[in-house]
Amino acid sequence: MSKHVNKLNPRQREAVLHIDGPCLVLAGAGSGKTSVITRKIAYLIEECGMPARHIAAVTFTNKASREMKERVSGLVKGVAARGLTVSTFHNLGLNIIRREHKQLGFKPGFSIFDAEDARALLKELMLKDGDLDSDHLDLVANQISNWKNDLTVPEMAASKAQSTGEAQIAEIYRRYNQALKAYNAVDFDDLILTPVRLFSEYPEVLARWQRKIRYLLVDEYQDTNSSQYLLVKLLVGDRGGLTVVGDDDQSIYAWRGARPENLFLLKKDFPSLELIKLEQNYRSTSRILRVANHLIAHNPHEFEKALWSEMGLGEEIRVIRCANEDAEAERVAMEILSQRLKRQIKFRDFAILYRGNHQARLLEIKLQAHQIPYSISGGTSFFARAEIKDVMSYLRLIVNPDDDNAFLRIINTPRRQIGTSTLEALGHYANQRQISMFAACHEIGLAEHIPAASLDRIQRFCHWLQHIGELCRGAEPVAAIKQMVEDIDYEGWLHQNASSPKVAEKRMENIWYLLESIKTIMQKADGEEITIEDAIAKLVLRDMLDRQAEEDDLDQVQLMTLHASKGLEYPHVFMVGMEEDLLPHRTSIEEDNIEEERRLTYVGITRAQKTLTMTWAGKRKQYGEIIETSYSRFLDELPEEDVNWEGMGQHNPDANRAQGSATLGSLLSMLGGAKPK
DNA sequence: CTGGAGCTCATTTTT
DNA sequence: TGAGCTCCAG
């Protein structure tokens, strides 16, 4: 038997060997799904003789795609792996659009608007419109994204509108798309949607891509939305060269348009689908899995699945009642300190998981107080920082002069004495002539609308930027960008504006870090030539940023949301805030979305390898007032015999559910609540 | 254009 | 409670 399968268990082996038709692998948490995908790729290349360039593996995150690339290159050596596609959905979409940009009517160097850019554009459109105020920004942005993910074009949205409100949003949607087109830009959703439309409209283009991608593997399939599924379906065609791996119990992104039912739809679209379940878990103790299975059994299931492991029974799950959220954070900190000594383990063996980012703040304070090193993943992203957005806008404008949004962001940053009236006149002129603002700057006719002094300043800026652009396409792009930052004296501008020199220095450091990243990306050109356009696109798609990698090696407790923890594992896991209104979150209770919250809890539990500790606070400060809480309903869904309850006296669902039983715990909580701060 | 007072709104967020 | 915003006075 092949070397690629003899380390696998029988189910995994079956999943790797089944190549004569579509294959759905239901892979429970920790069941070795990445092994299956990577070994299947190796098997296809080395045993089936399929050239690597005809195989594509698609993931959702850059992290997953990076890991997959690494693991494949460990299995398939050298030239045999050349041309293999391992990328995120969005990256694949980007590559398709790039190759076919002419057909699609995009100029090369088109911009990619991230979520933030898209919102900024929407805000502007809504402001101009007046019908909708920007209070609804979130709603509108979400609705448009949902429409795009469900393949609904503006005209369809308008005709299906149920209310005037919806019709208004549909109108904004139309203008939003129009603006993107004018800016020669796409948003994240378009990266998937555009290839789908292309393939539906041009069968010959689709055929070409089908010839290229003969075998497709998709990771985390439960997270696909409608347009992603359609993209998969189109690429696979009726040849059935498809393996998808997923777990319906780990679907936690339905609120973002993911369609976990895509897992079962597969059966309809591919009748010959082979279903393989991976139930052996290589991560956790049997106790942890029993608890996880017991919990998730409360959800309805299309496919029954029960995880098991050979890792031994393991310790009981602890559920700890704390007086309030302060005591909870304190308790977790103390647990980490004592467990670390008792078990002789590292800080990095611990993770603290929570529902909402705001819960991290108190934990941070307590960890700091006890000098426990930690790192938080998530929070304000690097790319949300104003200085990064500024430099990125310069770069975007260099690559795509039609990007009016980028133009407007940086035309007067740093100050160039180009005021609103000048820009209004310029915008008006550009609009009339149906050209971009940058292009309008070069027109002779503009002199009639703008005072000579302003015009001169604007044109000097444009010429300078063009000059930098030429340098960027030369031999030393990074040097050119550095030159650009120096030309505009961005550093001086930062110092002038920042509240302290320290802040300015920090911001400048971020910019140097950005330039370093660009340098790395351009150097990593293994064989293929990477243009400045590619580098910027990679940055916008958050690819190739090795921030996290440095931190992974440090000995730090990991703090993150339950969502962010998917796919990760830690020896000792704390889940905090196990309360009604928090873990099932209140809005989910109101919207009757308990099942997804239960899956979220399931994801949290299955992150743990050795021990799992859940905490909850009897009282919690919420919007400034102290609220009596009751513990999460999910705690009652855990098997009694595997759980050790602390601070609640005898655990008794019926009596304890409501307040009032005079247990030691409730007495303590009364003390805690009454104590002055 | 900046800074401070006042108002309002509180999930999750792979790309 | 407190972060993030708008709005108005300088």
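Naming convention: chains lettered A, B, ... in sequence-line order (proteins, then strands); numbering from 1 in each chain.
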Asks: Take atom CZ of A:R119 and atom P of C:dC5, then tell me their distance rounded to the nearest Å.
Replies: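 It is 10 Å, rounded to the nearest whole Å.
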Asks: How far, in whole Å, is C:dG4 from B:dT11 if one measures between their P atoms?
Replies: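 That atom pair is separated by 12 Å.
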Asks: For A:R361, report the nucleic acid contact type (base, sugar-phosphate, nothing); a contact means any heavy atom under 4.0 Å.
Replies: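 Result for A:R361 = sugar-phosphate.
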Asks: Pairing donors with acceptors under 3.5 angstrom, does anything connect the side chains of A:E580 and A:S630?
Replies: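 The answer is no; no qualifying pair exists.
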Asks: Taking B:dT12 as the reference, what is the distance to C:dC5 when you measure between their P atoms (whole Å, please)?
Replies: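 Comparing P positions in C:dC5 and B:dT12 gives a spacing of 15 Å.
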Asks: Provide the distance between the two C1' atoms, one in B:dT14 and one in C:dA3, to the nearest whole Å.
Replies: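 Their C1' atoms lie roughly 26 Å apart.
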Asks: Is there a side-chain contact between A:K33 and A:D247 (heavy atoms, below 4.5 Å)?
Replies: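 A side-chain contact is absent here, since even the closest heavy-atom pair is not under 4.5 Å.
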Asks: Determine whether the aromatic ring centres of A:W255 and A:H585 lie less than 6.0 Å apart.
Replies: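 No, too far apart.
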Asks: Is the base of B:dT11 syn or anti, if syn means a glycosidic angle within 90° of 0?
Replies: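 What B:dT11 shows is a syn base, its glycosidic angle lying within 90° of 0.
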Asks: Let me have a per-nucleotide readout for nucleotides 10-15 of chain B, 5' to 3', with B, S or -, counting only protein heavy atoms under 4.0 Å.
Replies: BBBBBB
Asks: Quick one: does A:L583's side chain get under 4.5 Å of A:W616's, heavy atoms only?
Replies: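 The answer is no, as the side chains (C-beta and beyond) never meet within the 4.5 Å cut-off.
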Asks: What's the spacing between A:H101 NE2 and A:R98 CZ if we round to 0.5 Å?
Replies: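 With rounding to 0.5 Å, NE2 (A:H101) is 10.5 Å from CZ (A:R98).
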Asks: Could you list the residues that satisfy side-chain hydrogen bond (donor to acceptor under 3.5 Å, both in side chains) with A:S35, not counting sequence neighbours?
Replies: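 Result, side-chain hydrogen bond (donor to acceptor under 3.5 Å, both in side chains) vs A:S35: A:R71.
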